[in-house]
Amino acid sequence: MGWLSRRKRFMSLHLNRKLNVVVLIKLSFTNVYMKNLPEEWDEEKFKSRFLEFGAITSAKLVFDENGSSKRFGFINFHTTAEASHCVAEMNGKDVGNGEPLYVARAQKKILKG
């Protein structure tokens, strides 16, 4: 037996700073990403469909250079609770185009990896 076996050893969980930031962002978010939206939706229809979940700070439906919908967008809610409720209720729902809606926390470009 060496000197190492006679010493007290302590173990701790080490989290790097990037992981701490990711955990914090996952807990608090207001920006929501959505895809598989119906092509016929305009900005007004897009925004009005999600007003039931709370106050919307901003909404952006993405279009290509020809004015056709790219079928995805972002909504920024006033609070984290509203955004979380929207994700929980709308992810996987069919909104009339036969495809399940994908709704999740929008990731910042720096965290996409």
Side-chain angles (χ1 to χ4, degrees):
M1 297 237 159
W3 64 273
L4 189 57
S5 62
R6 292 186 302 259
R7 297 189 66 146
K8 287 185 181 180
R9 287 169 277 185
F10 297 97
M11 296 185 76
S12 67
L13 180 62
H14 174 72
L15 297 175
N16 64 25
R17 288 184 185 188
K18 185 175 180 181
L19 185 57
N20 286 340
V21 170
V22 170
V23 170
L24 180 61
I25 289 172
K26 282 188 178 184
L27 295 176
S28 61
F29 68 95
T30 56
N31 200 17
V32 177
Y33 167 75
M34 297 155 197
K35 70 177 183 178
N36 299 334
L37 298 167
E39 274 188 61
E40 61 273 3
W41 279 14
D42 59 359
E43 292 257 356
E44 193 59 38
K45 173 73 175 175
F46 175 60
K47 190 174 179 178
S48 67
R49 182 62 180 91
F50 296 97
L51 268 173
E52 67 182 86
F53 299 105
I56 294 175
T57 306
S58 65
K60 177 67 177 162
L61 187 58
V62 181
F63 296 93
D64 65 11
E65 59 277 348
N66 300 326
S68 300
S69 174
K70 286 188 154 186
R71 301 183 58 212
F72 74 91
F74 300 88
I75 291 186
N76 194 350
F77 287 96
H78 187 66
T79 66
T80 300
E82 294 166 343
S84 297
H85 182 52
C86 178
V87 170
E89 290 293 319
M90 293 303 291
N91 189 39
K93 287 231 171 137
D94 186 357
V95 288
N97 62 344
E99 285 185 84
L101 196 61
Y102 176 82
V103 182
R105 174 186 58 88
Q107 295 181 6
K108 296 190 184 296
K109 287 181 183 179
I110 198 166
L111 296 176
K112 284 186 180 179

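Heads up: numbering here begins at 1 and tracks the sequence. This structure is a prediction, so every number in the text was calculated from the model and none was measured.
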With a 4.5 Å cut-off on side-chain heavy-atom distances among I, L, V, M, F, W and Y, is there a chain of contacts connecting [X] to [Y]?
{"X": "Met90", "Y": "Tyr33", "result": "no"}
{"X": "Val95", "Y": "Val87", "result": "yes"}
{"X": "Val103", "Y": "Leu51", "result": "yes"}
{"X": "Phe46", "Y": "Leu101", "result": "yes"}
{"X": "Ile56", "Y": "Leu37", "result": "yes"}

Just so I know, are the side chains of [X] and [Y] near enough to count as touching, which here means a heavy-atom distance under 4.5 Å?
{"X": "Arg49", "Y": "Trp41", "answer": "yes"}
{"X": "Leu61", "Y": "Phe63", "answer": "yes"}
{"X": "Phe53", "Y": "Val32", "answer": "no"}

What closest approach, in Å, do [X] and [Y] show between heavy atoms, and which atom pair accounts for it?
{"X": "Pro100", "Y": "Gly92", "value": "CB-O, 3.7 Å"}
{"X": "Ser69", "Y": "Glu39", "value": "CB-O, 3.7 Å"}
{"X": "Phe77", "Y": "Ala83", "value": "CD1-CA, 3.7 Å"}
{"X": "Thr30", "Y": "His78", "value": "CG2-O, 4.1 Å"}

Review point. If you draw a 6.0 Å radius around CD in Glu44, do more than 12 non-hydrogen atoms from other residues or ligands fall strictly inside?
Key: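 No.
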**Study point:** Within 45° cone and under 6.0 Å: Lys35 NZ/CZ vs Tyr102 ring
**Key:**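 Yes, a cation-pi geometry holds between Lys35 and Tyr102.
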Exercise for review: Please answer whether the main-chain N or O of Ser68 pairs with a side-chain N or O of Asn66 as donor and acceptor at a distance below 3.5 Å.
Suggested key: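 Answer holds: no.
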Practice item. Taking Asn97 for its side chain and Asn36 for its backbone only, find out whether a donor-acceptor pair lies under 3.5 Å. Key: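 Confirmed, Asn97 side chain pairs with Asn36 backbone.
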To the nearest 0.5 angstrom, please state how far the [atom1] atom of [X] sits from the [atom2] atom of [Y].
{"X": "Arg71", "Y": "Glu40", "atom1": "CZ", "atom2": "CD", "answer": "9.0 Å"}
{"X": "Glu82", "Y": "Ile75", "atom1": "CD", "atom2": "CD1", "answer": "11.5 Å"}
{"X": "Ser28", "Y": "Arg105", "atom1": "OG", "atom2": "CZ", "answer": "9.5 Å"}
{"X": "Glu89", "Y": "Asn91", "atom1": "CD", "atom2": "CG", "answer": "11.0 Å"}

